[in-house]
Amino acid sequence: MSDAIEAHLRETRRVSPPADFVQHARITDRSLHDEADADFTGFWHRRALEQISWYHEPTQSLDDSNAPFYRWFADGTLNLTYNCLDRHVDGGGGKKIAYTWIGEPGDERVITYAELLADVERAASALKAHGVGKGDRVAIYLGMVPELPIAMLACARIGAIHSVIFGGFAANALADRIQDATCRLVITGDGAWRRGSIIPLKDIVDEAVADCPSVEHVLVVKRTEQDVAWHDHDTWWHDAMAAAEPRCAPEVMNAEDVLFMLYTSGTTAKPKGIVHTSGGYLLGAMLSHQWIFDIQGNDVFWCTADCGWVTGHTYVVYGPLANHTTSIIYEGTPEHPTWERHWEIVHKHKVSIYYTAPTAIRALIKAGEAAVEKYDVSSLRLLGTVGEPINPEAWVWYHEHVGGGRCPIVDTWWQTETGSTVLSPLPGLSTTKPGSAIGPLPGMKPVIVDEQGNEVAIGGGGYLTLQRPWPSMLRTIWGDDQRYIDTYWSQYGPTVYFTGDGARTDADGDIWLLGRVDDVINVAGHRISTTEIESSLVGHPAVAEAAATGADDPIKGEMIAAFVILRDGNEPTEELRKDLSAHVAADIGKFARPGLLLFAPDLPKTRSGKIMRRLLKNIAEGKELGDATTLRDPSILLAIKEDADRQLGR
Ligand code: WTA
């Protein structure tokens with residue numbers, strides 16, 4: 001679709017909440033926003049008392065005495081799993097389905113709240129029997145099997161801190177994360193199903209753990225059943241479960257005790273362990289899940305995210321469970337075994353709310369309408385997107401072909417750091433526009449500022465900041481308080497949180513996200529820093545210098561384009577190109593492989609020696625190179641451009 005048509009859709013398409021939706025919706029007016037704007041700390045405190053079952057109710061709301069190290073509900077005590085499981089089971093809700101899990105090969109497991117509680121208690125006892133206690137770190141490296149949420153919750157039950165690492169990361173990346181957190185125990189599987197083949201998780205863990213002296217035990221979930229090497233520190237998950245005490249009382253946790261850490265890419269090569277604590281995070285997860293998705297008792301909610309990312313933490317595990325919701329978990333990717341898989345699941349399990357990433361929607365569009373039209377998806381009543389800006393064409397297709405023109409779409413903007421959604425339409429209240437995240441949830445205060453930190457006028461663009469602390473905000477970066485301050489609280493003043501995203505408002509004051517303004521790129525909804533890719537490439541013996549940049553990709557949103565200068569004595573061959581790509585995959589993970597890898601005799605630099613990334617991006621996107629006269633040697637560019645056009649079939 002041409003840019004002009006996209007622009008036209010963006011400007012003209014307005015969808016008001018359907019009347020029958022509004023009739024039953026949880027939120028249909030701005031009274032929560034108004035209450036929060038009048039007194040945000042009181043607002044959150046009241047919600048915390050209403051929503052969470054505390055052992056000791058907090059008497060404090062926000063403690064900002066040591067900003068930006070904010071604390072929320074600091075004298076309250078609770079346990080997340082009591083809130084997610086026991087209270088529902090004790091209240092007679094144990095028979096409700098917590099998860100319908102569907103395996104990639106087609107096997108299924110239905111898990112009720114009572115069964116989930118029983119599994120979590122046993123797993124928690126097993127962790128204790130392996131020497132794990134409050135405050136210890138546990139790495140979880142699994143595919144999307146039921147044991148993944150069970151393992152997370154088992155940690156939360158005993159106050160251990162989980163660090164889930166996406167199953168697509170390679171051994172080096174896994175080792176870095178385990179070492180940074182000094183994890184005592186790793187939970188993994190023999191393998192994970194991925195598009196019909198097996199990711200050898202156990203082999204990767206073996207390789208990683210060889211460099212991780214802190215790891216005492218590895219628990220191994222049996223899933224793919226191929227032979228795996230075995231070490232003294234290994235125990236099968238099912239053996240540990242069978243030997244474990246069936247009951248395990250929840251540990252009483254302080255609201256500010258750490259619940260989990262989750263690594264995400266920053267602008268340097270070293271990933272950041274984002275730290276979330278217990279009380280505030282739970283409140284953000286619960287309320288945002290209720291508000292955005294208009295959760296009702298009989299909903300079947302499907303967030304397609306992997307628990308290796310924050311979306312899986314908040315909207316597969318903590319939010320839905322705390323709200324006693326039934327969720328779907330699908331082990332595989334949307335294209336396996338065919339692009340019909342998601343629609344078949346929606347049809348069969350009568351999914352009412354479907355929440356996915358724009359990259360998946362674009363791929364589903366490419367697969368064609370026929371795939372969705374083959375199934376009855378009329379159980380859907382609400383659709384959501386997350387992870388990257390959605391282009392209007394994809395939005396309109398989603399609205400018409402999946403939502404049958406009747407389902408509101410919530411475009412939810414947030415980050416690993418924010419813990420829960422910050423900007424989103426409310427489905428019973430907001431008039432939506434294709435590609436706009438509309439505005440803040442109650443209690444949040446987004447402000448778009450210019451370079452100097454001044455708020456830009458309505459209709460203008462700039463940098464997105466958040467100017468009021470919120471309960472589910474990150475507390476720090478694991479082991480690096482200074483980096484926390486430098487990354488988030490230094491650009492525009494000590495109490496202004498900088499998101500790293502650009503944004504603008506339209507004439508109505510609605511917010512449109514414009515993508516990252518730093519060196520972070522977003523490939524198919526996965527956050528990667530260009531510096532990580534560059535440092536991986538220069539780690540290869542043939543590479544002298546490398547520059548990576550994000551470039552537009554019709555399906556993935558962005559792809560990685562990498563430019564490499566070879567060390568003397570190396571030839572720019574196809575074989576070396578493949579070798580470099582495999583090197584990045586082995587170092588970081590397959591999802592980080594460059595979509596375009598170009599050899600350059602010299603990287604285009606300005607006369608002052610700065611790499612011209614903008615120019616590299618233009619080359620990768622096949623755009624006009626513009627004025628390159630400031631280059632030391634403009635002829636380099638033509639050769640690189642020809643190579644790019646050839647590789648991308650232009
Ligand atoms: C981007 C994922 C536009 C953004 C929850 C942010 C989005 C980064 C949206 C965080 C959206 C997320 N519209 N951009 N609806 N949602 N982003 O930490 O650039 O994996 O900073 O968290 O994704 O990625 P993260």
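Counting starts at 1 for both ligands and their atoms, following the listed order. Scope of the values below: all heavy atoms of this structure, side chains included, with no hydrogens, waters or symmetry mates.
Contact atoms of ligand 1 toward Thr311: 5 (C) (distance under 4.0 Å to a heavy atom of the residue). For ligand 1, the atoms sitting less than 4.0 Å from at least one non-hydrogen atom of Val310 are 5 (C), 22 (O), numbered in the order shown with element in parentheses. In summary, the atoms of ligand 1 found under 4.0 Å from a heavy atom of Asn522, numbered by their order in the structure, are 1 (C), 23 (O).
Residues in residues 434-467 take part in no ring pair (Phe, Tyr, Trp, His ring centres under 6.0 Å) pair, two or more places apart or across chains. Counting only residues at least two apart or in different chains, salt bridge (Lys or Arg N to Asp or Glu O under 4.0 Å) contacts with residues 405-416 are absent.
Residue Leu513 touches ligand 1 through its side chain alone, judged by heavy-atom distances below 4.0 Å. Heavy atoms of Ile390 found under 4.0 angstrom from ligand 1: none, in either backbone or side chain.
Distances between N or O atoms of Arg516 and those of ligand 1 include at least one value under 3.5 Å. For a threshold of 3.5 Å applied to N or O pairs, the pair formed by Gln415 and ligand 1 contains at least one separation below that value. For a threshold of 3.5 Å applied to N or O pairs, the pair formed by Asp501 and ligand 1 contains at least one separation below that value. Checked by distance only, ligand 1 and Asp411 come closer than 3.5 Å through their nitrogen or oxygen atoms.
Under a 4.0 angstrom heavy-atom cut-off, Trp414 registers as being in contact with ligand 1. At least one heavy atom of Pro389 sits less than 4.0 Å from an atom of ligand 1.
Using a 30° and 60° split on the angle between ring planes, His276 and Phe260 fall in the tilted class, from 30° to 60°. Relative orientation of the Trp309 and Phe166 rings is tilted, given thresholds of 30° and 60° on the angle between their planes.
Aromatic ring centres of Trp489 and Tyr497: separated by under 6.0 Å. For Phe301 and Tyr315, the ring centers are positioned 6.0 Å apart or more. In summary, the aromatic rings of Tyr281 and His313 are positioned with their centroids too far apart to meet the 6.0 Å limit.
For Arg177 and Phe169, the positive end sits near the middle of the six-membered ring, less than 6.0 Å away and at most 45° from its axis.
Taking 4.0 Å as the cut-off between side-chain N and carboxylate O, Arg362 and Asp553 do not count as a salt-bridged pair.
Taking each of Gly387, Ser436, Gly419, Gly557 in turn, the one with a heavy atom nearest to atom 16 (N) of ligand 1 proves to be Gly387.
The single protein non-hydrogen atom nearest to atom 24 (O) of ligand 1 is Arg527 CD, 3.2 Å, given as residue, atom name and distance. Regarding atom 18 (O) of ligand 1, its nearest protein heavy-atom neighbour is Thr416 OG1, 2.5 Å.
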